[in-house]
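Reviewing the structure listed below.
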Amino acid sequence: CDYIPLITLVGQRSVSDLGTPLSEVPFCVLDLETTGVGPDSCQIPEVGAIRVEVGLETGRFQTLVNPQTGIPPQVTVITGITQAMVIDAPTIAEVLPSFLEFLSDAVIVGHNVSFDISFLNAAALRLGYGRLPNRSTDTLGLARRLIRREVRNLKLSSLAAHFRSPTTPNHRALDDTIATAHVFW
């Protein structure tokens, strides 16, 4: 009887069948601050991202964004972002082209990444760019599957503490991105 690997029997591809080695996949770790929870009625006042290629950070993207609407007081309490901070900031229409160029074909990584992608897609659609074609991976989903029983909750702050991130998440886009990158790696 010939030996047939178990992976072949269950239909799962081996790592070598997947093509590009994981170490060569470009990642863009992303975090947005928003004025609320609905991408159709709320806006983005801050974008932070780190691009990682061949396992090394190759760039950072950080900007405040003028949401062209008021910053709700509860958002200021959580993020520290005030209306005065964003009044002279570029609009999302001015920020999005350079952010999309920075993002390029990278896999988007984030904590509860579908939330951030929903805001980016809403802005991209409004501005005529279409939906982001990038694949994504979620540190929240990974934590649910891999370490759920090891941590008290799955908040980014708890995961960052668990993995001893040198950056404490503080509801500011770039710091949260740095902590998310540490949790992801």
TODO: May I ask you to decide if the ring planes of Phe61 and Phe99 are parallel, tilted or perpendicular, using 30° and 60° as cut-offs?
DONE: perpendicular

Open item on the list: Using a 3.5 Å distance criterion without hydrogens, assess whether the side chain of Asn134 forms a donor-acceptor pair with backbone atoms of Ala106.
Closed with: yes

Task: ILVMFWY cluster, Leu96 and Leu30 together (side-chain gap under 4.5 Å) - done: yes

- [ ] Using the test side-chain contact (heavy atoms from CB on, under 4.5 Å), find all partners of Ser136 that sit at least two apart in sequence or belong to another chain.
- [x] Ile108, Val113, Ile117

Open item on the list: Hydrophobic clusters here meaning ILVMFWY residues chained together by side-chain heavy-atom distances under 4.5 Å, can you tell me if Leu32 and Val37 are in one?
Closed with: yes

Task: Student check: side-chain heavy atoms of Arg60 and Thr177 closer than 4.5 Å - done: no

Open item on the list: Using 0.5 Å steps for rounding, measure from the CD1 atom of Ile78 to the NE2 atom of His171.
Closed with: 6.5 Å

Task: Arg51 bridged to Asp105 by N-O distance under 4.0 Å - done: yes

Open item on the list: When you compare the side chains of Thr58 and Glu53, does any donor N or O come within less than 3.5 Å of an acceptor on the partner?
Closed with: yes

Open item on the list: If we count only N and O atoms by modelled type, under 3.5 Å, do the side chains of Ser98 and Glu101 hold a donor and an acceptor together?
Closed with: no

Task: Distance in Å, Thr168 OG1 paired with Asp175 CG, rounded so as to fall on 0.5 Å steps - done: 8.5 Å

Task: Minimum heavy-atom distance between Ala124 and Gly130, given as atom pair plus value - done: CB-O, 3.2 Å

- [ ] Heavy atoms only: give me the nearest Gln83-Ile71 pair and the separation to one decimal.
- [x] OE1-N, 2.8 Å

TODO: Check for a donor-acceptor pair, side chain of Glu46 on one end and backbone N or O of Glu33 on the other, with a separation under 3.5 Å.
DONE: no

- [ ] Grab the two heavy atoms, one from Leu127 and one from Ala93, that are nearest each other, plus how far apart they are.
- [x] CD1-CA, 3.6 Å

TODO: Go through the side-chain N and O atoms of Thr91 and Asn66 and say whether any donor and acceptor fall under 3.5 Å apart.
DONE: no

TODO: Treating Ile, Leu, Val, Met, Phe, Trp and Tyr as nodes and any side-chain heavy-atom pair under 4.5 angstrom as an edge, say whether Tyr129 and Ile44 lie in one connected cluster.
DONE: yes

- [ ] Can you sort out the partners of Pro166 under side-chain contact (heavy atoms from CB on, under 4.5 Å), two or more places apart, ordered by chain and number?
- [x] His182

Open item on the list: For the backbone of Leu154 and the side chain of His111, can you confirm whether one donor and one acceptor N or O come within less than 3.5 Å of each other?
Closed with: yes

Task: Nearest-0.5 Å distance, CZ of residue Arg126 to CD1 of residue Ile92 - done: 8.0 Å

